[in-house]
There are 2 protein chains.
Amino acid sequence: MKRITITDVAKLACVSKSTVSQYLNKRYDYMGETTKLRIENAISQLGYQPNIVARSLKQKRSSTIGVIVANILHSFSTKVIRAIEDTCNENDFHVIVCNADDDPVKEEKYIQMLLAKQIDGMAIFPTGGNLALYDSMVKMNYPVVFLDRMIEGVNIDAFLLDNENASNLAVKHLVDRGHTRIGVVTPSIERMVTPRVERLEGFKKALKVHGLPVTNEYIKSMGVDKLQSGLKEMFSLCEKPTALVASNDLTLFEVLKFVKENGLNIPEEIEVVGFDDIPFATVLEPSLSFLSQPAFEMGNKAAERLLEKIEKRDVLFESEIHRFQPTLFQGQLPKN
Amino acid sequence: MKRITITDVAKLACVSKSTVSQYLNKRYDYMGETTKLRIENAISQLGYQPNIVARSLKQKRSSTIGVIVANILHSFSTKVIRAIEDTCNENDFHVIVCNADDDPVKEEKYIQMLLAKQIDGMAIFPTGGNLALYDSMVKMNYPVVFLDRMIEGVNIDAFLLDNENASNLAVKHLVDRGHTRIGVVTPSIERMVTPRVERLEGFKKALKVHGLPVTNEYIKSMGVDKLQSGLKEMFSLCEKPTALVASNDLTLFEVLKFVKENGLNIPEEIEVVGFDDIPFATVLEPSLSFLSQPAFEMGNKAAERLLEKIEKRDVLFESEIHRFQPTLFQGQLPKN
DNA sequence: CTGAAAGCGCTTACAG
DNA sequence: CTGAAAGCGCTTACAG
């Protein structure tokens with residue numbers, strides 16, 4: 001049951017290990033035809049598979065990247081992972097997926113582990129809780145890209161939605177449909193998570209742009225567990241909102257739950273715009289509008305950039321914020 | 001920018017590499033207190049991180065398993081991955097996730113890659129297209145578990161739903177609600193994918209158990225792209241079905257699309273039972289019933305078994321089929 | 001065109 | 001209680 005090594009191949013083919021290695025690495029430049037054939041035969045006869053671990057140790061490259069997502073159960077994350085994996089595959093890179101659970105402690109553990117495994121680079125949905133660690137990676141010129149979120153003051157490429165514009169599109173859509181009392185529901189922005197902050201800011205700006213007042217009673221930014229009572233408050237006002245923007249899937253869920261439990265009608269009594277897509281939204285009721293993120297494109301672009309940084313490890317890159325545009329969908333969702 | 005190695009630590013602590021290695025591996029048995037302290041200090045002073053690749057090469061273990069899913073975009077797969085990852089984490093194992101896209105060629109490539117990386121074991125949602133390869137892993141006594149599907153004649157543990165019972169529960173539910181004309185919609189069973197075959201078989205058996213005839217016109221098993229015309233046929237019958245079982249999420253989607261496009265009312269005109277959960281199903285309309293799989297439990301159990309096999313690599317295990325019971329949910333979905 | 005030798009960073013008997 | 005030496009399976013200058 002012992003594994004076949006390069007030595008076995010060399011013996012069988014009557015050449016040295018070096019030559020077999022050349023063959024494996026496709027350095028055929030000076031290799032005799034017959035040598036090549038002998039090696040080829042030996043390999044297939046023995047069913048030889050190079051040991052990638054040994055190669056990595058020597059080459060100090062693993063042809064593997066790590067992806068640390070906040071939560072793999074979010075469909076946005078899944079799509080991004082999928083896109084990253086596709087891009088990596090095309091370039092003969094492998095992907096290790098990790099879940100940080102939005103927990104800085106777990107995130108740190110995973111980053112350390114990936115570094116110890118000599119992973120060539122990482123794509124991270126950062127928790128924001130490991131500033132020193134992010135910085136140390138920058139110092140080492142270690143290849144990293146951020147997704148979905150950016151960290152102020154950390155010099156790392158970030159790939160994220162144009163969140164302000166997304167909020168603006170949502171508000172514009174509702175204004176166009178005649179609404180003037182528009183509310184917004186977002187998770188707590190205490191931890192300054194980029195999309196939450198930017199979507200809320202964008203929402204307020206958009207109201208002003210459209211000549212509407214910013215009414216604090218229409219803005220609920222709080223832990224998801226408190227949203228039901230927040231919504232109850234909002235809907236006890238004399239001037240109830242007639243439309244709501246739900247800034248992510250969790251808040252949308254709470255909004256729909258509230259709507260259902262209170263027997264409100266969509267869109268007659270309350271019109272709702274959500275972020276990201278709900279699978280099956282096309283074929284279910286009520287029909288909602290969504291700001292969809294180009295998840296696959298974001299994943300692809302982030303992966304390409306990461307691979308480029310890995311390729312040119314010696315080059316010092318200027319880090320950039322890469323913004324992606326959302327698309328507004330009504331009832332029907334895009335295929336991606 | 002050169003990495004700190006064990007040699008650097010040894011030098012700084014004025015001990016040999018061996019001793020540092022002992023320390024790293026927590027073999028303190030005979031280690032002097034002061035030696036221990038010196039090493040500890042040296043490590044933290046240098047910010048030393050052991051190179052896992054080198055360790056793996058020597059130990060011939062990587063403390064990593066691979067998961068090959070058919071499609072990461074399915075929420076069932078995501079949940080299973082998540083559960084496997086949690087279990088692995090508790091045991092200091094890492095997880096590499098791969099997408100086979102239900103393509104045997106891709107599956108083979110991934111399996112080879114994982115083997116070359118000296119991964120300690122694999123959890124696979126098998127395509128069924130690589131019998132020889134599965135067998136060769138069995139021959140090597142390489143630790144593998146299958147998920148969601150089993151492969152006839154291949155001696156590997158499989159963790160899957162009690163599909164026949166699931167179909168039976170679906171039929172029973174509908175019969176209890178007074179239905180006698182019950183249809184079923186499943187993807188093509190040409191490739192003999194376990195859940196599809198078993199769910200269809202189970203459906204037929206359940207009809208008989210409940211004294212209902214098996215009507216071929218009520219059974220549509222075909223490529224998802226042909227389902228719309230299949231459903232059209234079914235609903236052109238004089239005796240239309242009054243209830244439908246959709247055996248997975250894709251077929252459920254087609255059913256709901258058909259229902260919506262044809263303005264049918266759920267549940268008045270047609271009652272629907274699906275498999276797996278649709279996120280948001282609780283708060284949307286129409287309210288459906290679902291047979292939910294205990295995805296987290298399945299992932300956990302599969303991972304535990306896999307780790308056990310890795311732990312006791314020398315032991316020859318009897319392979320078993322592990323069945324899990326579905327739960328019928330109406331409108332409301334379970335938290336997992 | 002091919003091979004001998006050194007080395008990647010660890011671990012592990014074994015000797016003392 | 002600690003260290004010298006060999007070795008895991010590769011790759012890579014370098015020599016010839």
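By convention in this document, chain letters (A, B, ...) are assigned in the order of the sequence lines, proteins followed by strands, and residues within each chain are numbered from 1.
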Excluding sequence neighbours, so at least two apart, what forms side chain to side chain donor-acceptor pair (under 3.5 Å) with [X]?
{"X": "A:R38", "value": "none"}
{"X": "B:R191", "value": "B:D102"}
{"X": "A:K106", "value": "A:D101"}

Q. Within the structure, does a side-chain N or O atom of A:T19 lie under 4.0 Å from either OP1 or OP2 of C:dT2?
A.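 It does not, given that no N or O in the side chain of A:T19 lies less than 4.0 Å from OP1 or OP2 of C:dT2.
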
Would you tell me if any nitrogen or oxygen in the side chain of B:T35 comes within less than 4.0 Å of OP1 or OP2 on D:dT2?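 B:T35 to D:dT2 OP1/OP2: side-chain N or O found under 4.0 Å.
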
**Item:** ring-ring contact (aromatic ring centres under 6.0 Å, His included) involving B:F76 - partner list, sequence neighbours excluded
**Value:**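 In terms of ring-ring contact (aromatic ring centres under 6.0 Å, His included), with neighbours along the sequence ignored, B:F76 is linked to no residue.
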
task: Name all pairs fulfilling the ring pair (Phe, Tyr, Trp, His ring centres under 6.0 Å) condition that reach into residues 106-146 of chain B, sequence neighbours left out, sorted by first residue then second.
output: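 Applying ring pair (Phe, Tyr, Trp, His ring centres under 6.0 Å) to every pair that reaches into residues 106-146 of chain B, excluding sequence neighbours, yields B:Y134-B:F146.
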
Donor-acceptor pairs are to be reported for all side-chain atoms of residues 65-75 of chain B against protein atoms at under 3.5 Å, with residues two or more places apart or in another chain.
residue, atom, partner, partner atom, Å
B:N71, OD1, A:R82, NH1, 3.3
B:N71, OD1, B:L73, N, 2.9

A correct 5'-to-3' footprint of nucleotides 7-16 of chain C, with B, S and - meaning base, sugar-phosphate only and no protein heavy atom under 4.0 Å, is BBBBBB----

Quiz item: With sequence neighbours left out, what residues match B:E311 under side-chain contact (heavy atoms from CB on, under 4.5 Å)?
Solution: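 Once residues adjacent in sequence are excluded, B:E311 has no partner under the side-chain contact (heavy atoms from CB on, under 4.5 Å) criterion.
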
Dot-bracket assigned to DNA chain C with the 3.5 Å Watson-Crick/G-U criterion, [ ] for crossing and | for other-strand pairs, is |||.||||||||.|||

Review point. Salt bridge or not for B:E308 and B:K312, using N-O below 4.0 Å?
Key: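 Salt bridge between B:E308 and B:K312, a charged N being under 4.0 Å from a carboxylate O: yes.
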
